[in-house]
Amino acid sequence: MKLLLIHADFMEYRVEKKTKVAEPFESEGGRVDDVLVAFTAVEKGDSEAVVEKAAEEITEVAKKVGAEKILVYPYAHLSSNLSDPETAVRMLKLLADNLSNSFEVHRAPFGWYKSFTISCKGHPLSELSREIKGEEEVTQALKDEEEVVSYWYILTPEKELVEVSKFSFEGYENLKKFVNYEMAKKRAVDRIPPHVELMQRLQIADYEEASDSGHMRYYPKGRLIKSLLETFVTEKCVEYGAMEVETPLMYDRNHPTLRKYLERFPARQYIIKGDKRDFFLRFAACFGQFLMKSDAVITYRNLPLKMYELTRYSFRKEQRGEVVGLRRLRAFTMPDMHTLAKDMDQAKREFFDQYRLSVEVLKEIGLEPEDYEVAIRVTKDFYNENKEFVHSLVDVLKKPILVEMWDRRFFYFVLKFEFNFVDALDKASALSTVQIDVENAERYDISYVDEDGSRKRPYILHCSASGAIERCMYALLEKAHMDAEKGKLPMLPVWLSPTQVRIIPISRAFLDAALEVAEKLRKARVRVDVDDRDETLGKKIRDAAREWVPYIVVLGEEEVKGGFMTVTVRAESTLEQQKRVRTTAEELISRISEECRGKPYKPLPLPMLLSERPSFR
RNA sequence: GCCACGGUAGCUCAGCCGGUAGAGCGCGUGCUUGGUAAGCACGAGGUCGCGGGUUCAAAUCCCGCCCGUGGCUCCA
């Protein structure tokens, strides 16, 4: 709704001629003195709520200027996105009604050609315009979510289901934090999450203020780390048996199938206006993969059928205040694998396997089971029918699991698990997750031909083996921070460290020797750089340490003459006591390749000489 | 969306009872060539978020706006 408010000495109008949409009107016109005229255009999508807000705005202005009379005057020219006439009349009447409690309200008729004379008072507040927007479209699932009644339990390693209030959290402090976080959903923290400062200081990632919030920039080091994680998770899923595909980022908002799915997914979308159609940006790879599977000819022989895509990006228009650092973004990268399963038995087998796959993926990324807590969300019916299966999940990690149970199925799945990382501020966020989807095969018309020739609906598993890549980075940084608080030197896993080895020549005279060693390491696929800056040794050591370089090599006369290397090993050092070893280039290479075994490799993302590097902040 | 706080040099921030714009770090130049967490000196660098107001005079006070961060909410 658009409003143009004019505080006038008087406003006089005459109805001249009817249009097709004219509302009945007997008189010839009207005149009101000392009036606040509200020229009003009702727009598409305007609802009762919008009218209410408009009335509040008008009331506020009227009070400010001291007007006691209001004339609601339909004025289509304020908008190029008008509602239909019936709605407009209805809304205009409603607006007048709304205002009539506090003011003397007049209303000019809708749908007539009218002439008018207005005498604007001309003081600073006498001409104002307002745009009133409705609440953004909220999906049914978001509304449903508010009504969900949850029952909370702990599934113990002994496979007992205990009410949360009766469970003793002794020895499970992290689980307690997680449960608190989940159930209370409240937190008072006045600190910036530690990973935000780290991602900036280490020149990994940063806010991009020229974009929407939650869309980050990744500096060379950050891009390297992200790229390695992306490659690694993709390789793990492909190795697990998934076929990698690529699907579009945006889809028709009014496509009947997709529309229904949107309604079932409690997330806010970005909307893109096209020429004829409106599009939404995908929040996961479901859309493209389901459409692909819907068109495919699939038989029981092809099942379980796994399809995978790394979404760069998934978009979710999270509420303003919940977007923070790398924890929660509006554009993020997620490994998204969907498995078609023949029947519930196969679905359960896959669920279990993917649970284990997720444990393994996180472990190799550098996140151990003690770094996260497991949650299972399940409908009561599914739980009762599959108790033994649900309980069997506890065998994998042998630690208690938080169980959230629902009376009825609000969402598209009957069972899901999540691995939740608990950060330095005791906030939890989900990493890996798998869900058993019982709805979308039907909705997307996905079917397979069974042995007897009949067409059947498969179950669909949604699996994000690591969770969002950015969130993995957040977890690694938060973990490093918590390590530091415990007195350990913070660092990233060696395979993810942008610089794995830094060579520091003791003086300019040893720069060539340093370059020679560096070349040897580089050829062996070690990310090595050389601090050739004109700085003191102490300064260079300090800088290398502040960058979390895992291996610092100091090279001087002793080393060149003796043919060895002096290496400071970060993982075995503390702030007080550096662990320094004598070794050879070959030994260092083999140690690093051992630490990076099975992980992807990418070369140094920056010039090898520190003097040639820009500083990004 | 709500609440709080903030926006001054590349970064972190000081200045804010109005009176010529500051520090540290970083950057550049020179000295220095070092043995394991900050060498020394000099120099460059600013539309004090934007618009209005008050005033002889505004980074500073007032009003409006924009942007950001944190919290709430939410978190599939």
Side-chain angles (χ1 to χ4, degrees), chain A residues 53 124-125 133 135-136 138-139 141-142 144-146 148 181-182 185-193 196-197 200-201 203 206-210 212-213 261 264-268 283-284 286 314 316-325 327-329 334 336 375 377 404 410-413 416-418 420 425 427-430 433-435 437 462 464 467-468 471 489 502 504-511 531-547 549 552-559 566-568 570 573-580 611 614-617:
Chain A
K53 277 161 88 181
L125 291 177
K133 282 195 195 128
E135 298 300 316
E136 62 184 302
V138 171
T139 65
L142 275 175
D144 283 349
E145 194 174 40
E146 290 172 8
V148 169
Y181 184 78
E182 280 294 308
K185 302 199 167 193
K186 231 177 192 160
R187 212 93 254 110
V189 179
D190 51 2
R191 276 168 60 201
I192 298 175
V196 173
E197 281 169 27
Q200 292 174 325
R201 185 175 67 70
Q203 300 193 24
D206 215 330
Y207 297 113
E208 175 52 77
E209 298 190 357
D212 193 11
S213 57
Y261 184 39
R264 290 292 281 161
F265 200 94
R268 297 171 170 84
F283 51 76
C286 308
S314 286
R316 296 186 191 180
K317 219 171 115 196
E318 305 292 6
Q319 290 192 83
R320 201 74 181 59
E322 58 193 8
V323 175
V324 49
R327 177 147 70 98
R328 194 166 187 76
L329 296 165
M334 179 177 67
D336 203 3
R377 327 259 174 186
E404 179 176 13
F410 290 93
F411 309 123
Y412 56 77
F413 57 85
K416 81 178 275 203
F417 81 79
E418 294 152 18
N420 289 274
L425 304 181
K427 296 214 163 222
S429 36
T433 177
V434 177
Q435 302 147 16
D437 175 346
H462 302 237
S464 188
R471 203 170 260 190
L489 286 180
R502 161 122 349 130
I504 303 180
I506 201 113
S507 75
R508 215 174 286 151
F510 296 95
L511 180 57
D531 194 342
D532 62 328
R533 296 173 307 163
D534 182 14
E535 296 290 354
T536 56
L537 182 64
K539 174 83 173 270
K540 293 187 200 179
I541 299 279
R542 180 183 146 85
D543 286 348
R546 276 174 53 84
E547 273 186 64
V549 174
I552 302 174
V553 175
V554 173
L555 198 103
E557 191 167 4
E558 284 175 42
E559 287 77 8
T566 307
V567 184
T568 303
R570 185 172 181 85
S573 302
T574 62
L575 202 52
E576 296 75 36
Q577 182 80 50
Q578 293 184 356
K579 166 78 174 186
R580 229 172 289 159
S611 68
S615 165
F616 289 97
R617 54 178 281 127

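Quick note: numbers below take in every heavy atom, side chains included, and nothing from hydrogens, waters or symmetry partners. Each chain gets a letter, A, B and so on, in the order its sequence line appears, and its residues count up from 1. What you are looking at is a predicted structure, and each value in this text was computed from that prediction instead of being measured.
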*Examine the base of B/G34 for any acceptor or donor lying under 3.5 Å from a partner atom in the side chain of A/Glu557, and report the outcome as yes or no.*
no

Report which part of the nucleic acid [X] touches: base, sugar-phosphate, or nothing (heavy-atom distance under 4.0 Å, all strands).
X        : value
A/Arg580 : base
A/Ser615 : nothing
A/Leu575 : base
A/Lys416 : sugar-phosphate
A/Gly556 : base
A/Val434 : nothing

Selected nucleotide, minimal atom distance to [X] side chain, candidates [options]:
X        : options             : result
A/Asp534 : B/U32, B/U36, B/A37 : B/U32
A/Lys427 : B/C75, B/U36, B/G71 : B/G71
A/Ile506 : B/A76, B/A38, B/G35 : B/G35
A/Phe411 : B/G34, B/U36, B/A76 : B/A76
A/Glu558 : B/G35, B/A37, B/A38 : B/G35

Give every pair of a protein N or O atom and an N or O atom of nucleotides 65-69 of chain B that lie under 3.5 Å apart, one pair per line with the distance.
| residue | atom | partner | partner atom | Å |
| --- | --- | --- | --- | --- |
| B/G68 | OP2 | A/Arg320 | NH2 | 2.9 |

Those residues that, when tested against [X], pass side-chain hydrogen bond (donor to acceptor under 3.5 Å, both in side chains) (two or more places apart):
X        : answer
A/Glu559 : A/Thr566
A/Arg542 : none
A/Arg471 : none

*Length of the NZ-P vector between A/Lys579 and B/U36, whole Å*: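 Distance check: A/Lys579 NZ to B/U36 P gives 18 Å.
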
_Rounded distance (Å) that lies between atom P of B/U29 and atom CZ of A/Arg533_ =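 These atoms are roughly 14 Å apart.
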
Does any nucleotide pair with [N] by Watson-Crick or G-U wobble geometry, both distances under 3.5 Å, and what is it?
N     : answer
B/C17 : none
B/U36 : none
B/A57 : none
B/C27 : B/G43
B/C5  : B/G68

*After noting the C-alpha distance and the side-chain angles of A/Glu535 and A/Lys540, does the key distance pass the salt bridge (charged side-chain N to carboxylate O under 4.0 Å, His left out) rule?*
CA-CA 7 Å; A/Glu535 296 290 354; A/Lys540 293 187 200 179; over 6 Å; no

_Under the side chain to side chain contact (heavy atoms under 4.5 Å, CB included) test, residues paired with A/Thr536 that sit two or more places apart_ =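 A/Thr536 satisfies side chain to side chain contact (heavy atoms under 4.5 Å, CB included) with A/Lys539 only.
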
*Using side chain to side chain contact (heavy atoms under 4.5 Å, CB included) as the criterion, list what pairs up with A/Leu489, not counting sequence neighbours.*
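Here the qualifying residues are A/Arg570, A/Ser573, A/Leu575.
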
Distance check, [atom1] atoms only: [N] and [M], in whole angstrom units.
N     : M     : atom1 : answer
B/G51 : B/C11 : C1'   : 29 Å
B/C62 : B/U54 : C1'   : 7 Å
B/G26 : B/C40 : P     : 10 Å

*Could you tell me whether the side chain of A/Glu418 and the main chain of A/Ala430 form a donor-acceptor pair under 3.5 Å?*
no

Under 3.5 Å between N/O atoms: give me all the protein pairs with nucleotides 9-12 of chain B, atom names plus distance.
| residue | atom | partner | partner atom | Å |
| --- | --- | --- | --- | --- |
| B/C11 | O3' | A/Arg617 | NH2 | 3.2 |

_Short side-chain N/O contact to B/G35 OP1/OP2 from A/Lys539, under 4.0 Å_ = no

*Does OP1 or OP2 of B/G39 have a side-chain N or O of A/Thr536 closer than 4.0 Å?*
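Result: yes.
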
*What residues form a salt bridge (Lys or Arg N to Asp or Glu O under 4.0 Å) with A/Arg533, not counting sequence neighbours?*
A/Asp531, A/Asp543

*asked:* To the nearest 0.5 Å, what is the distance between CZ on A/Phe411 and NZ on A/Lys416?
replied: 8.5 Å

_Could you measure the distance from the CG atom of A/Asp206 to the CD atom of A/Gln200? Nearest 0.5 Å is fine._
4.5 Å

_Qualifying residues under ring-ring contact (aromatic ring centres under 6.0 Å, His included), relative to A/Phe510, sequence neighbours excluded_ = none

